[in-house]
Trainee: 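For reference, the structure I am asking about is given below.
For reference, positions follow the sequence shown, starting with 1.
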Amino acid sequence: LYPSHYSGAVPPDTIAIRLDAGLAFGTGEHETTQGCLGAFERLAAAGHGVARMLDMGSGSGILAIAAAKLWRARVLACDNDAVAVEVAVENARTNRVASKFRATCGDGYGAPGIARRTPFDLIAANIVARPLIHMAPLLARHLHAQGAAVLSGILQDQAAAVAAAHEDCGLRVTDRHVRGEWTTLVLMHRTTIAGDVPF
């Protein structure tokens, strides 16, 4: 991850993302964003394929751009802030993934274009605990039967409540990663998991 004013070399064998967040959240420096990107890497290393991804509360579009590059996935970035959507579209162009990138402005899963593209192989939502809990049933409905959800913006003492809300909807935590005071959760439909995964 590097800003536009960076003039040094990009390390070989890396996926490089050039990003200026501007007025939108998501420079890659925050622990929540790092937690999501780390979860993406672990999913890819485990062989999880992604053809269609939704970035809910996308901000700068960093997670959608990362998924487009890592999996060559078609991505949909959604934010309720029109300025953030514009920033995400521009960042997608800068990173040469515009052909795989769509953005929509709206409130949650009712935003234009989401219903037409569902179900998603990957849903990422780096927002905060309360809306994550509120949207848990909709996330479960829009997630492919073999898909994965990556959730962050969750303080450590909120993680159990977020996990419980999604477990009530038929999902199960398969990975949990802590960075500083923040927790990132990875969830899948319970029917796709063989055996119990400790939380």
Side-chain angles (χ1 to χ4, degrees), residues 1 17 19 21 23-46 48 50 53-67 70 77-81 84 87-88 106-111 114 120-144 146-199:
L1 297 165
I17 300 177
L19 194 88
L23 297 176
F25 175 83
T27 62
E29 296 178 1
H30 198 275
E31 290 94 337
T32 59
T33 309
Q34 293 172 4
C36 290
L37 294 172
F40 286 9
E41 289 183 328
R42 291 191 296 277
L43 283 167
H48 185 81
V50 176
M53 180 264 194
L54 172 64
D55 182 0
M56 178 60 69
S58 54
S60 68
I62 184 170
L63 299 181
I65 291 167
L70 181 58
C78 175
D79 204 286
N80 60 7
D81 181 347
V87 170
D107 189 12
Y109 289 88
I114 290 181
F120 297 92
D121 305 304
L122 175 65
I123 297 177
N126 181 15
I127 41 180
V128 291
R130 184 173 293 179
L132 289 175
I133 290 170
H134 176 73
M135 292 191 293
L138 290 171
L139 182 148
R141 194 177 309 159
H142 287 79
L143 185 65
H144 190 279
Q146 305 295 324
V150 175
L151 309 181
S152 199
I154 307 164
L155 292 168
Q156 287 189 47
D157 62 0
Q158 300 169 332
V162 174
H166 290 81
E167 287 171 349
D168 287 346
C169 299
L171 302 177
R172 189 67 181 260
V173 174
T174 61
D175 189 16
R176 180 178 187 266
H177 190 68
V178 176
R179 285 178 180 258
E181 61 183 337
W182 301 96
T183 297
T184 300
L185 301 175
V186 178
L187 304 103
M188 295 182 182
H189 285 285
R190 190 176 292 119
T191 55
T192 68
I193 302 166
D196 289 339
V197 178
F199 172 56

Trainee: Compare every heavy atom of M56 with every heavy atom of M135, then report the nearest pair and how far apart it is.
Mentor: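 Shortest heavy-atom separation between M135 and M56 comes out as CE-CG, 4.2 Å.
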Trainee: Please list, chain by chain and in numerical order, all residues satisfying salt bridge (Lys or Arg N to Asp or Glu O under 4.0 Å) with R42, sequence neighbours excluded.
Mentor: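 For R42 the salt bridge (Lys or Arg N to Asp or Glu O under 4.0 Å) partners, ignoring immediate neighbours, are D175.
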Trainee: Closest approach of C169 and A136, non-hydrogen atoms and distance?
Mentor: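 Taking C169 first and A136 second, the nearest heavy atoms are SG-C, 3.9 Å.
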Trainee: Between L70 and F40, which heavy-atom pair has the shortest distance, and what is it?
Mentor: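 Nearest heavy atoms, L70 then F40: CD2-O, 3.7 Å.
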Trainee: State, to 0.1 Å, how close C78 and I114 come at their nearest heavy-atom pair, and which atoms those are.
Mentor: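 Nearest heavy atoms, C78 then I114: SG-CD1, 4.1 Å.
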Trainee: Drop me the distance from L171's CG to L185's CG, to the nearest 0.5 angstrom.
Mentor: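 Between L171 CG and L185 CG, I get 11.0 Å after rounding to 0.5 Å.
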Trainee: Taking the side chain as every heavy atom from C-beta outward, state whether Q146 and H48 have any atom pair closer than 4.5 Å.
Mentor: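 SC-SC contact between Q146 and H48 ruled out.
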Trainee: Rounded to the nearest 0.5 Å, what separates atom CG in D79 from atom CG in D107?
Mentor: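 The CG atom of D79 sits 10.5 Å away from the CG atom of D107.
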Trainee: Do L43 and L122 come within less than 4.5 Å of each other through their side chains, counting heavy atoms only?
Mentor: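 Yes. Closest side-chain heavy atoms under 4.5 Å.
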Trainee: Would you list the atom pairs, donor with acceptor, under 3.5 Å between side chains in residues 148-164 and any protein atom, with sequence neighbours excluded?
Mentor:
| from | atom 1 | to | atom 2 | distance (Å) |
| --- | --- | --- | --- | --- |
| S152 | OG | T183 | O | 3.4 |
| S152 | OG | T184 | OG1 | 3.0 |
| Q156 | NE2 | G180 | O | 2.8 |
| Q158 | OE1 | L155 | N | 2.9 |

Trainee: Roughly how far, to the nearest 0.5 Å, is the NE2 atom of H142 from the CD1 atom of I123?
Mentor: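 It is 7.5 Å, given to the nearest 0.5 Å.
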Trainee: As an exercise, state the distance from CZ of R130 to CG of L132, rounded to the nearest 0.5 Å.
Mentor: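 One gets 12.0 Å once the value is rounded to the nearest 0.5 Å.
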Trainee: Which atom names give the shortest non-hydrogen contact between G106 and A111, and what distance separates them?
Mentor: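 For G106 versus A111, the nearest heavy atoms are CA-CB, 3.7 Å.
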Trainee: What is the distance from atom CD1 of I65 to atom CE of M53, rounded to the nearest 0.5 Å?
Mentor: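 The distance works out to 10.0 Å.
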Trainee: Considering non-hydrogen atoms only, spot the tightest contact between A39 and V186 and give its length.
Mentor: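 In terms of heavy atoms, the two residues are closest at CB-CG2, 3.7 Å.
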Trainee: Can you check side-chain contact (heavy atoms from CB on, under 4.5 Å) on R141 and Y109, steps first, answer last?
Mentor: CA-CA 10 Å; R141 194 177 309 159; Y109 289 88; over 6 Å; no
Trainee: Hey, is the main chain of L143 close enough, under 3.5 Å, to the side chain of H189 for a donor-acceptor pair?
Mentor: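 Yes: the side chain of H189 pairs with the backbone of L143.
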Trainee: Given the rule in the side-chain contact (heavy atoms from CB on, under 4.5 Å) test, do N126 and I62 qualify, once you have shown the distances and angles that lead to the verdict?
Mentor: CA-CA 11 Å; N126 181 15; I62 184 170; over 6 Å; no
